[in-house]
Amino acid sequence: MDNKILVVVTSHAKYPNHDRATGLWLGEAVHFIDHVEQAGWTCDIASPKGGYTPIDPHSLAAAEAIDWDYYQNKDFMNRLGTTLALDEVNAADYRAIYLAGGHGVIWDFPGSETLQRLCRDIYEADGIVSSVCHGAVGLLNVTRDDGEYLIKGMKVTGFSNHEEHLAKLDDIVPFLTETELVERGGLYLKADRAWEPFAVVDERLVTGQNPASGRRVAELVLEALGD
């Protein structure tokens, strides 16, 4: 097995009930990929449908200098434009999986049985399962081999109800990430203040709270991998 990490992004481009674009929150992919690839790891990028992943324009409005560097990098943007379809992915090829966020994932991560299988197979093979922000919704329906939810009884974080309220989208999204993580038995934790970087580790599960947390997740994933 090579030192490879699977990064999963959304295929969903628009709020179904709201005239507003959504998609990948660019920085959540950039900060993670930048950190692990600089450490010598290789990332493959996949999405539920494969091909192009839409970029949430609001993530560009909040972009940092490193995000703009990657946005203007044709090779990187081509990677986002030609993602693997999840059905094409073999879990045995990867030491870890990382679920990036952006509100788009709310509509295509939770119901993806393929994504659930990949997370379960990587975890059960002693790999690392990780997410940031809304990416945690991809963990909601992942079960262990015994049928229990993967996150049941485990420390976990993701976009908080308070942050969703501050974003003025709590009445637009079909469910709240924090609420659903708790509903599945997760031991939800969050930063003392909204928007602060925050991530937690429990066994081989690493989760980050919000868009500022992608690099911290990357650091913790590498620690868990022993790199």
Side-chain angles (χ1 to χ4, degrees), residues 1-12 22-56 59 66-67 69-71 73 75-106 108-110 112 114-123 125 127-139 142 158-159 199 204-208 210-225 227:
M1 181 190 298
D2 295 330
N3 282 352
K4 294 176 68 176
I5 297 173
L6 183 65
V7 174
V8 186
V9 296
T10 187
S11 298
H12 194 86
T22 185
L24 167 68
W25 197 269
L26 182 63
E28 295 178 20
V30 166
H31 299 172
F32 181 90
I33 291 172
D34 178 74
H35 189 79
V36 300
E37 289 193 341
Q38 286 201 39
W41 290 74
T42 298
C43 292
D44 287 342
I45 306 177
S47 63
K49 293 182 179 179
Y52 168 76
T53 185
I55 306 297
D56 190 322
S59 71
I66 189 173
D67 303 329
D69 288 343
Y70 273 77
Y71 185 73
N73 183 308
D75 289 339
F76 178 74
M77 294 306 291
N78 283 338
R79 292 168 70 185
L80 293 182
T82 56
T83 65
L84 299 168
L86 289 178
D87 289 341
E88 301 172 344
V89 173
N90 182 359
D93 293 338
Y94 300 97
R95 299 274 306 282
I97 187 171
Y98 170 74
L99 312 184
H103 282 85
V105 301
I106 291 175
D108 62 2
F109 275 17
S112 174
T114 305
L115 180 57
Q116 295 162 29
R117 174 181 53 77
L118 288 167
C119 289
R120 178 173 58 252
D121 289 352
I122 289 171
Y123 191 86
I128 309 302
V129 172
S130 65
S131 68
V132 73
C133 201
H134 290 92
V137 304
L139 306 175
V142 179
F159 205 55
R204 296 184 307 284
L205 180 67
V206 182
T207 52
N210 50 36
S213 305
R215 186 171 296 277
R216 181 57 181 152
V217 171
E219 292 169 350
L220 294 174
V221 166
L222 292 183
E223 287 179 17
L225 289 167
D227 194 64

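Predicted model, so just to flag it, every value in this text is computed and none were measured.
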Parallel, tilted or perpendicular: which describes the rings of F159 and H134, with under 30° parallel and over 60° perpendicular?
tilted
Do the side chain of [X] and the main chain of [Y] share a donor and acceptor less than 3.5 angstrom apart?
X: T53; Y: T10; value: yes
X: D56; Y: G102; value: no
X: T82; Y: N78; value: yes

Begin with the C-alpha distance, continue with both residues' side-chain angles, and end with the deciding distance and a verdict on side-chain contact (heavy atoms from CB on, under 4.5 Å) for L80 and L26.
CA-CA 10 Å; L80 293 182; L26 182 63; 3.9 Å; yes
Could you tell me the separation between the [atom1] atom of [X] and the [atom2] atom of [Y], rounded to the nearest 0.5 Å?
X: L225; Y: R204; atom1: CG; atom2: CZ; value: 11.0 Å
X: I45; Y: I5; atom1: CD1; atom2: CD1; value: 12.0 Å
X: D67; Y: E28; atom1: CG; atom2: CD; value: 10.0 Å
X: N90; Y: D44; atom1: CG; atom2: CG; value: 11.5 Å
X: H35; Y: H31; atom1: NE2; atom2: NE2; value: 12.5 Å
X: L115; Y: D87; atom1: CG; atom2: CG; value: 11.0 Å

Does OH belonging to Y71 count more than 12 external heavy atoms closer than 6.0 Å?
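For Y71, atom OH is not crowded (no more than 12 foreign heavy atoms under 6.0 Å).
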Would Y98 and I33 count as a side-chain contact (heavy atoms from CB on, under 4.5 Å) if you check the C-alpha gap in whole Å, the side-chain angles of each, and the deciding distance to 0.1 Å?
CA-CA 10 Å; Y98 170 74; I33 291 172; over 6 Å; no
Residue pair G214 / V132: nearest heavy atoms and the distance that separates them:
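That closest heavy-atom pairing would be N-CG2, 3.8 Å.
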Is the shortest side-chain heavy-atom distance between [X] and [Y] below 4.5 Å?
X: F76; Y: D69; result: no
X: F32; Y: V221; result: yes
X: L99; Y: C119; result: yes

Residues V8, V89; criterion side-chain contact (heavy atoms from CB on, under 4.5 Å); working and verdict
CA-CA 11 Å; V8 186; V89 173; over 6 Å; no
Which one of I122, I97, V206 satisfies the side chain to side chain contact (heavy atoms under 4.5 Å, CB included) criterion with I128?
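So the option named by the test is V206.
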